[in-house]
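This report refers to the structure that appears directly beneath it.
Just so you know, these numbers use all the heavy atoms, side chains as well, and skip hydrogens, waters and symmetry mates. Quick note on labels: first sequence line is chain A, next is B, and so on, each numbered from 1.
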Amino acid sequence: MTLPTFEPGTPVVPVVAPGHGLALAWGSSTWATRTPDPVGTLAQLEASHPRWVWWRARDTATGWIAAGLRPRSCWDLGAVGRLVHGLDRDDPAATWAAAHGLPLPDPAEGALTLLDLEGEGPEPVRADGQLSREWLREGWCSDLESAQRWAGLALQVHIRQSAEVARLPDARPAPSTPSLPHLTALSESMAALLAVELEHDGLAIDRDVLEAFLTATVGPRPRSDADEVASRRARDELVWRHFGGDPMDLRNPATVRDLLARHGIAVPDTRSWRLEAYAADSPGVAALLTWRKTERIATTYGWSWVERDIAGDDRLRGQWSAAEGAGRMTASAGLHNMPTELRPAVRPPAGRVLVRADLGQIEPRVLAAVSGDRALAAAAGEDDMYAPVAAALRSDRATAKVAVLAAMYGQTSGPAGEALRDMERAYPVAMAYLREAEAHGRRGADLRTYGGRLLRLSHLADRLARSGGADSTLAHSYGRFARNAMVQGAAAELFKAWAATVRAGLADSDARIVLCLHDELLVECRADDADRVSGVVIEGLARTASWWAGGSAVRFVADVATVRDWSQAH
DNA sequence: TCGGTCACGTA
DNA sequence: CGTACGTGACCGAG
């Protein structure tokens with residue numbers, strides 16, 4: 001068997017048809033082979049450095065990753081569909097429809113009965129231009145010829161997406177080739193692949209450390225339902241005894257509010273920040289706040305979490321998405337909201353370490369870059385950009401920070417109000433950028449981020465409409481969302497571009513990115529490899545920033561440290 | 001059983 | 001009336 005070879009970077013669609021073999025499509029060619037080991041063949045093909053084009057990494061690359069193959073380059077049609085068309089889903093039916101300007105098919109059509117399939121012909125594309133539901137339900141893997149056709153369809157979508165990306169404006173002060181939207185499409189694609197890898201690799205947990213913490217905090221691992229009930233009651237009693245000792249439902253906010261009212265504490269709700277003020281004078285409130293923290297650990301990060309999400313190899317695994325909402329990565333299994341007290345338990349086995357890197361002040365720096373505000377960009381030349389901002393506002397650092405954050409979040413009242421007026425004077429270009437975004441949001445007009453992500457305000461409208469609220473409140477909400485999403489979304493794009501560069505720098509070693517947390521990257525590696533990895537992380541940021549913010553003079557800074565566990569400071 | 005609400009963790 | 005997200009408990013409607 002002679003394998004095809006490609007020029008490096010050639011877009012090639014691989015389709016593995018289980019039980020049949022492997023089909024490829026590229027340019028105007030297709031090729032197929034019957035092989036029991038398609039991933040082995042793919043590994044050989046990888047040597048010529050194609051750019052793999054797939055419907056979505058989750059469907060195609062999961063098996064590759066499991067087999068140890070780490071592709072170096074890809075174009076993820078689903079990820080690019082999310083980016084360019086603002087989709088909130090990445091299934092092939094939606095990706096195809098968006099690329100062809102067709103209405104999005106009902107997402108529930110994946111679950112069909114045979115009866116529903118009546119009228120679906122044998123062709124992969126229906127008369128109305130949509131993908132055949134039969135084909136979507138893995139009709140493409142029935143034989144190699146179908147697999148080749150399926151690969152050809154993906155290639156068509158790639159051509160359409162590439163053309164669409166090429167039409168998007170390059171928002172950099174000094175546009176160059178490849179364009180910023182093109183580079184963003186590539187890094188979003190890599191992020192989608194990274195999401196599959198993160199799911200596969202997991203995050204190392206020191207079970208002894210974790211179990212000792214849980215035992216001390218919520219009690220030993222329950223051996224029965226009765227154990228569970230007893231331990232729950234024991235926690236509750238620590239609060240009850242401050243309020244007369246009678247059992248009551250602490251998990252019901254209304255009950256808690258009435259309870260507090262009977263003891264002379266009248267509050268509109270029982271949120272912790274509100275109760276904080278009463279804790280000093282009321283041991284009962286203090287006990288309640290402690291109970292809340294413990295209860296959070298017990299329910300969300302307790303023994304059931306350990307059982308469900310930490311595998312036998314002592315690694316925590318969740319589902320990752322490369323872009324939700326404004327474009328940030330998300331993860332389940334608590335990976336993105338793990339309380340800091342649990343971080344000591346994030347600890348690789350002996351001989352391995354974590355290289356922890358986080359971007360400093362990423363959002364204001366991103367604002368400086370995307371808005372093209374030269375004064376703010378000059379401030380972003382400093383390690384601590386709030387210092388020059390404070391000087392410009394003639395305020396202290398704390399006020400400057402609040403003012404910048406208030407501008408990006410759309411806050412208009414409170415102590416930030418006055419500083420915001422100074423912001424308008426000092427950084428009119430950045431403020432105009434944010435105001436413009438807000439205006440779009442208020443009237444429900446779509447926006448595009450710096451890198452080209454379409455922010456569909458109409459989708460948000462549905463969500464907010466369901467939650468009710470007066471029209472002016474609604475418009476305000478859209479405005480604040482849009483204002484923030486332009487910054488948060490662009491920051492997410494920079495972060496993913498950085499992560500993709502770091503990932504590439506780690507190839508050919510056993511170092512792995514194991515966590516992405518909006519502005520923080522965790523790499524697990526051998527202890528004797530940590531210095532090299534730190535270099536890859538720092539160098540990766542410099543290289544990424546040079547094209548991402550090229551010409552803006554904005555500096556991006558990262559704190560990098562090698563640590564044994566995640567709790568250790570920089 | 002499902003969606004809404006409250007609550008709270010991370011960034 | 002500062003943003004985003006994921007998770008869990010509870011409630012009330014179906």
How many whole angstroms separate atom [atom1] of [X] from atom [atom2] of [N]?
X        : N      : atom1 : atom2 : result
A:Arg483 : C:dC1  : CZ    : P     : 13 Å
A:Ile362 : B:dA11 : CD1   : P     : 14 Å
A:Lys496 : C:dA4  : NZ    : C1'   : 13 Å
A:His336 : B:dT10 : NE2   : C1'   : 9 Å
A:Leu367 : C:dT3  : CG    : C1'   : 14 Å
A:Asn337 : C:dT3  : CG    : C1'   : 16 Å
A:Leu447 : C:dA4  : CG    : P     : 14 Å
A:Leu517 : C:dA4  : CG    : C1'   : 12 Å

Selection: residues 267-287 of chain A, any non-hydrogen atom under 4.0 Å of DNA chain B: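 Those residues whose heavy atoms fall under 4.0 Å from DNA chain B, taken from residues 267-287 of chain A in numerical order, are A:Asp269, A:Thr270, A:Arg271, A:Ser272.
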
Strand contacts (DNA chain B) in residues 288-324 of chain A, 4.0 angstrom heavy-atom criterion: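 Close to the strand are A:Arg292, A:Lys293, A:Arg296.
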
Donor-acceptor list for residues 330-338 of chain A side chains, cut-off 3.5 Å, not counting sequence neighbours:
residue  : atom : partner  : partner atom : Å
A:Ser332 : OG   : A:Gln319 : N            : 2.9
A:His336 : NE2  : A:Cys516 : O            : 2.6
A:Asn337 : OD1  : A:Tyr301 : OH           : 3.1

Sugar-phosphate, base or nothing in reach of A:Ala333, heavy atoms under 4.0 Å: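 Sugar-phosphate contact only - A:Ala333 comes under 4.0 Å of backbone atoms but never of a base.
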
Sugar-phosphate, base or nothing in reach of A:Leu405, heavy atoms under 4.0 Å: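 It contacts base atoms.
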
Any side-chain donor near an acceptor of the partner, A:Arg251 and A:Thr299, under 3.5 Å: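 Side-chain D/A pair, A:Arg251 to A:Thr299: absent.
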
For A:Ala400, all residues meeting side-chain contact (heavy atoms from CB on, under 4.5 Å), sequence neighbours excluded: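 So A:Ala400 forms a side-chain contact (heavy atoms from CB on, under 4.5 Å) with A:Val389, A:Ala390, A:Leu393, A:Ser395.
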
Minimum-distance nucleotide to A:Glu520 side chain [options: C:dT7, B:dG9, B:dA11]: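 Nearest listed nucleotide: B:dA11.
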
With sequence neighbours excluded, residues passing ring pair (Phe, Tyr, Trp, His ring centres under 6.0 Å) with A:Tyr427: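 For A:Tyr427 there are no ring pair (Phe, Tyr, Trp, His ring centres under 6.0 Å) partners, ignoring immediate neighbours.
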
Test ring pair (Phe, Tyr, Trp, His ring centres under 6.0 Å) applied to A:Tyr450 - qualifying residues, sequence neighbours left out: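 Residues passing ring pair (Phe, Tyr, Trp, His ring centres under 6.0 Å) with A:Tyr450: A:Trp548.
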
Residues that [X] engages under salt bridge (Lys or Arg N to Asp or Glu O under 4.0 Å), provided they are two or more places apart:
X        : value
A:Glu424 : A:Arg435
A:Arg235 : A:Glu295
A:Asp309 : none

Strand contacts (DNA chain C) in residues 245-265 of chain A, 4.0 angstrom heavy-atom criterion: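 Output list: A:Arg251, A:Asn252.
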
Phosphate contact (C:dT3 OP1 or OP2) by A:Arg480 side-chain N/O below 4.0 Å: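 For A:Arg480, the contact criterion (side-chain N or O under 4.0 Å from OP1 or OP2 of C:dT3) is met.
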
Contact under 4.0 Å: A:Ser332 side-chain N or O vs C:dG6 OP1/OP2: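 Negative; the distance criterion is not met.
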
A:Glu363 (side chain) donor-acceptor with A:Met408 (main chain) under 3.5 angstrom: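 Not a single qualifying donor-acceptor pair exists.
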
Summary of side chain to side chain donor-acceptor pair (under 3.5 Å) pairs that have at least one residue in residues 257-269 of chain A, sequence neighbours excluded: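 Matches after skipping sequence neighbours: A:Asp269-A:Arg274.
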
Salt bridge (Lys or Arg N to Asp or Glu O under 4.0 Å) partners of residues 476-489 of chain A, not counting sequence neighbours, each pair once: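 Non-adjacent pairs meeting salt bridge (Lys or Arg N to Asp or Glu O under 4.0 Å): A:Glu438-A:Arg483.
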
Interatomic spacing from CG in A:Asp373 to OG in A:Ser552 - rounded to 0.5 Å: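 Nearest 0.5 Å value for the CG-OG distance: 11.0 Å.
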
